[in-house]
Asker: 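Take this structure, written in C-alpha cells, and hold onto it; I'll ask about it next.
First listed ligand is number 1; within each ligand, the first listed atom is number 1. Bear in mind the structure is a predicted one, so any value in this text is a computation, not a measurement.
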Amino acid sequence: MANRSERLLDMRGLTLAVATGEGLLTVVEDLSLTLDAGETLGIVGESGCGKSLTSLAIMGLLEGTPVRVLAGEILFQGRDLLRLPARERRAIMGNEMSMIFQEPMTSLNPVYRIGDQIVETIREHRKISKSAARQRALELLTMVRIPDPAGRLDSYPHQLSGGQRQRVMIAMALAGSPRLLIADEPTTALDVTVQAQILKLIVDLQAETGMGVMLISHDLGVIAETCDRIAVMYRGRVVESAASAELFSAMRHPYTRGLLDSIPEADEDVDRLTAIPGRVPMLDEALAGCAFHPRCTRAGKGCDEVVPGLDMIAPSHLVRCHYPLEQDA
Ligand SMILES: Nc1ncnc2c1ncn2[C@@H]1O[C@H](COP(=O)(O)OP(=O)(O)OP(=O)(O)O)[C@@H](O)[C@H]1O
Ligand code: SF4
Ligand SMILES: [Mg+2]
C-alpha cells in the first residue's frame, strides 16, 4: 500500500522553450510541483498553457521535438531525471513512470488483437514467457474492469467502445507497475457518463496500487472531483495551487475563479471557454507583467508591467496575483 509520505516527484523551476526560426519562445516558466505516492495532483488550464509539455518533460519524451529544457530539475525519488545517465533514465521512464493520453485509438494498433498488444507491452517490462504474459494481460484487463476480459483479449481495437479502449490503454500503462502515472486529458474524447467511470477507475487504481497520479485536464470540473491537490496554469506558469478543498472554498486567483465559473451546469450546453472573456495570448505575443492582464477584470496598477510572484498566502496555498480575490470571494 501507499507510503503517503514518499516524495515521488519534486520538480523545481522547470523552464521549457520552443526553438523557432526567430529564436527561443518560453512555453513553461519556472514551474515547481511536487507529488507524493498515493496522491493525485491535478493540473488544469486552458489549451496551450503548457500542461502536456510539462508531462512530456517528466517522461523524457521531448527528444526529437523543437522543445528544449532551459532550466530546472525534475527529481524522481530524489534523483534528477534531467541529469541521469541515459541508460538509468530510460530504466526509470520505462518502468517507474507511465503515461496515458487523450485519444486511445491513436495509441492502439488497429491491426493487432488487444491481447497481443498488451502481451507485447508486458514483455517490454518483464522477461516472462508469452503464456505468463497472457495471464498477466488477463489480470490487467480484469483490474481495469473490462466486461468479459478473457473474450476481450481476442478483440481488435475497433470492436471496443471508446471507454473500453481507454481502459485497455490504462491496463497497458499499468503493465510495469509504475509508481507515477501521468494521465493527460484521459477522458476528453469520451462522453460524460463514460468520463466519470474512467475517472473513478483511475481513482480506484490509485488507491489499490498507491501510485502517485498526475491528472491533466482543461476542465476544472474533472479535476475537482478527482484530485487531492490542484495546480492551475496560465501561459506556462502556475498561477494558483492548493489542496482541492482549500482551492474551492477559498480560491484567490481571478483566473481560477473564471475557470470555476465556466464549468457548465449538468443540463447546460455552452462553450465553457467563452466564460472567461478574451483568449489565451499567442506564444509569440510579447506580454509584460501578468500574462492574464488583458482578460482580467481585476487588473490594476502594475499588472501590465510587473510579473507577480508566486506567494504563499496560507500553508500550501500559493497565488500569483497582485490583487488576489478576497478570502470569501
Ligand atoms: N512541438 C511543438 N512545436 C512548437 N510549439 C509547440 C510544440 N508543442 C507544443 N508547442 C506549444 O507550446 C505551448 C504549450 O503546449 P502544450 O501542448 O503543453 O499545451 P497544453 O496545455 O497541453 O494544451 P492542450 O490543452 O491543448 O493540450 C503551446 O502554445 C503549443 O502551441
Ligand atoms: S496580477 Fe493583476 S491582471 Fe494578473 S490576475 Fe492578478 S489582478 Fe489580474
Ligand atoms: Mg495537452
Asker: Report, in ascending order of atom number, the atoms of ligand 2 lying under 4.0 Å from any heavy atom of H293.
Answerer: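 So the atoms of ligand 2 that pass are 3 (S).
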Asker: For R229 and T34, indicate whether the former's side chain and the latter's backbone hold a donor-acceptor pair under 3.5 Å.
Answerer: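 Judged by distance alone, yes, a pair lies under 3.5 Å.
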Asker: May I ask whether C49 places a heavy atom under 4.0 Å from ligand 1?
Answerer: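 C49: in contact with ligand 1 (<4.0 Å).
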Asker: Which ligand 2 atoms are under 4.0 Å away from a heavy-atom of C296?
Answerer: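 That gives atoms 3 (S), 5 (S), 7 (S), 8 (Fe) of ligand 2.
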Asker: Do any N or O atoms from the side chain of R298 and from the backbone of Y323 form a donor-acceptor pair under 3.5 angstrom?
Answerer: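 Yes.
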Asker: Looking only at the side chains, is there a donor atom on one of R235 and Y255 sitting less than 3.5 Å from an acceptor on the other?
Answerer: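 No - no donor-acceptor pair under 3.5 Å links their side chains.
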Asker: Indicate whether atom 21 (O) of ligand 1 is within a distance of less than 4.0 angstrom of some protein heavy atom.
Answerer: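 Under the 4.0 Å cut-off, atom 21 (O) of ligand 1 does have protein heavy-atom neighbours.
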Asker: Touching ligand 1 at all, E185? Heavy atoms, strictly under 4.0 Å?
Answerer: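 True for this residue.
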Asker: Find all atoms of ligand 2 within a distance of less than 4.0 Å from any non-hydrogen atom belonging to H253, and give their numbers and elements.
Answerer: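 Going through ligand 2 atom by atom, the ones under 4.0 Å from H253 are 5 (S).
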Asker: CG of D219 to CD of Q195: how many Å apart, nearest 0.5 Å?
Answerer: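 Rounded to the nearest 0.5 Å, the CG-CD separation comes out at 6.5 Å.
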Asker: Does any N, O or S atom of S52, backbone or side chain, fall under 2.8 Å from the Mg ion (ligand 3)?
Answerer: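 Coordinating: yes.
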Asker: Taking 4.0 angstrom as the limit and counting only heavy atoms of C290, give me the atoms of ligand 2 inside it, by number and element.
Answerer: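 The atoms of ligand 2 under 4.0 Å from a heavy atom of C290 are 1 (S), 3 (S), 4 (Fe), 5 (S).
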Asker: Applying a strict 4.0 Å limit to heavy atoms, is R320 in contact with ligand 2?
Answerer: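 R320: no contact with ligand 2 (<4.0 Å).
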Asker: Between P254 and ligand 2, which residue portion shows a heavy-atom distance shorter than 4.0 Å: side chain, backbone, both, or neither?
Answerer: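 P254 to ligand 2: side-chain contact only, backbone stays beyond 4.0 Å.
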Asker: Could you list the atoms of ligand 2 found under 4.0 angstrom from a heavy atom of P308?
Answerer: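 Those of ligand 2 that fall under 4.0 Å from P308 are 1 (S).
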Asker: Of the protein's non-hydrogen atoms, which lies at the shortest distance from atom 7 (S) of ligand 2, and what is that distance?
Answerer: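 Sorting protein heavy atoms by distance from atom 7 (S) of ligand 2 puts C321 SG, 3.5 Å first.
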Asker: Are any of the N/O atoms in K51 less than 3.5 Å from those in ligand 1?
Answerer: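 Yes, at least one N or O pair falls under 3.5 Å.
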Asker: Whether R295 and E46 form a salt bridge (side-chain N of Lys/Arg under 4.0 Å from carboxylate O of Asp/Glu) is what I want to check.
Answerer: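 So E46 pairs with R295 through a salt bridge.
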Asker: Specify the protein heavy atom at minimum distance from atom 1 (S) of ligand 2: its residue, its atom name, and the distance to 0.1 Å.
Answerer: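 I find the closest protein heavy atom is H322 N, 3.2 Å.
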Asker: Should you measure from each heavy atom of C303, which atoms of ligand 2 turn up under 4.0 Å away?
Answerer: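 Here the atoms of ligand 2 in question are 1 (S), 2 (Fe), 3 (S), 7 (S).
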Asker: Quick one: does atom 30 (C) of ligand 1 have a protein heavy atom under 4.0 Å from it?
Answerer: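 Under 4.0 Å from atom 30 (C) of ligand 1, zero protein heavy atoms found.
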